[in-house]
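Just below is one structure, and these are the notes that go with it.
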Amino acid sequence: MAGGLVFFTGFPGFIGRRVVASLLTADPEIRVAALVEERLAGEARAVAEQLDEQRIEIVAGDIGERRLGLSNDDYERLAAETTVAYHLAAAYDLAVPAHVAQRVNVEGTGHVLDLCRRCERLERLNYVSTAYVAGLRRGVVYEHELALGQQFPNHYASTKFQAELWVQSAMDKVPTTIYRPAIVVGDSRTGETQKFDGPYYLLRVISQMVRSNVAIPQFGRSSAPFNVVPVDFVVDALAAGAADNDAVGETLHLVDPEPTSAYEVMRLLSREYAGREPTVRIPAGLVAGSLRLGPVRELFGGAPSEGIRYLNHPARFDTRRAEAVLGRKGLHCPPLREYVGAMVRFFREHENDEALRPKQAP
């Protein structure tokens, strides 16, 4: 695609702003219409000004409303001009309430699909799902699989599953590529991230133990792969998939094909941050149960108990379709050991920054 209008949700989020920057750099003729909630419009305009305010239009709306909460004129203009769509917006909090997750993740995706069906010039919808639509499945999960009777640990995963079902059912009318990233962490080069969630909760525990001069706990299982990917890999993979005509109709796992075990993740983080390894073994079930207690939850930096399932769940994600597409661009996910230093350095420099602490779901 050269030139044209990109309809985009998920701006100015951490991944979204990077994807938009990548789009603008790759094509000097492209324009972006970013659908943004009114409460985020000011921040979105500030980020757009940093990137290229002449080519980024901030459109105030709401994916949870029919016709995206837009005026008839704006909706019809987007339908007439959009050539490519990116749908990244979602309620990502693992502890998100059911009604919020349903409205944003499921109904929001349906409303984006409604727009895409009306787009006269649409070449592609790039839809960002999650590897955790696999729910509590064990063993190997393949990219072509989705509904296999799995259960889910939280409303985030179950509603992203519902949303992906909807996207897949519309593929005959909306040309789509689905991307399923694993847990996204900071940039592999700079360590920069937008919030300290996921494995950063483990760093918070290590930090607290170091300050208190007590033993660092180990609650990761050696048999459980803990799949994390750096944000720059996800952005590059989205760019590669969106530019590949053979990726239309494909579902791509954006994961580490050889993930580090949960046990080794704790060791890597502890060695990098504290210069020593964990020495006290704590059962994962005990940790998850204890996170329901305020003081323990605070020790973990506000970690939701739902997150422990991701640390110790024995599932592996097959990547043969993603490797076929990304391999044509020479793109591969780096292993955690190659960028854990950058990740920990950024955490050390910003661990007391309140702006990087995860916000609780409404």
Any E37 side-chain heavy atom under 4.5 Å of I63 side chain:
no
Let me confirm one number: the CG-OH distance from L94 to Y156, rounded to the nearest 0.5 Å.
7.5 Å
Do the side chains of R348 and E272 get close enough for a salt bridge, i.e. N-O under 4.0 angstrom?
no
Could you give all pairs that pass the salt bridge (charged side-chain N to carboxylate O under 4.0 Å, His left out) test and reach residues 170-185, with sequence neighbours left out?
E164-R180
Salt bridge (charged side-chain N to carboxylate O under 4.0 Å, His left out) with D244: which of R124, R321, R328, K329?
R328
Could you tell me whether R337 atom CZ has more than 12 heavy atoms of other residues or ligands within 6.0 Å of it?
no
Is Q151 reaching over with its side chain to a backbone N or O of L136, donor-acceptor style, under 3.5 angstrom?
no
Looking at side-chain heavy atoms only, is the closest gap between Y127 and Y179 below 4.5 Å?
no
I'd like to check the side-chain hydrogen bond (donor to acceptor under 3.5 Å, both in side chains) partners of S207; sequence neighbours left out, ordered by chain and number.
Y273, E351
For T9 and H87, does a side-chain donor sit closer than 3.5 Å to a side-chain acceptor?
yes
When rounded to the nearest 0.5 angstrom, what distance separates CD in E76 from CD in E120?
8.5 Å
Measure the acute angle between the ring planes of F196 and F346, then classify it against the limits of 30° and 60° as parallel, tilted or perpendicular.
perpendicular
Cation-pi check for Y263 against R221: NZ or CZ below 6.0 Å from the six-membered ring centre and within 45 degrees of the axis, yes or no?
no
If you round to the nearest 0.5 Å, how far is CG of D232 from OG of S188?
3.5 Å
Atom CD in E250, atom CG in L252: separation rounded to 0.5 Å?
6.5 Å
What salt bridge (charged side-chain N to carboxylate O under 4.0 Å, His left out) pairs are there with at least one residue in residues 133-145, not counting sequence neighbours?
R137-E145
Could you tell me whether the side chains of T260 and E264 share a donor-acceptor contact shorter than 3.5 Å?
no
Okay, side chain of T190, backbone of D187: is any donor-acceptor separation there less than 3.5 Å?
no
Separation between CG (D52) and CZ (R55), nearest 0.5 Å, reads 4.5 Å
Taking C-beta and beyond as the side chain, do R103 and D62 meet within less than 4.5 Å on heavy atoms?
yes
So F317 and Y132, would you call those rings parallel, tilted or perpendicular, with 30° and 60° as cut-offs?
perpendicular
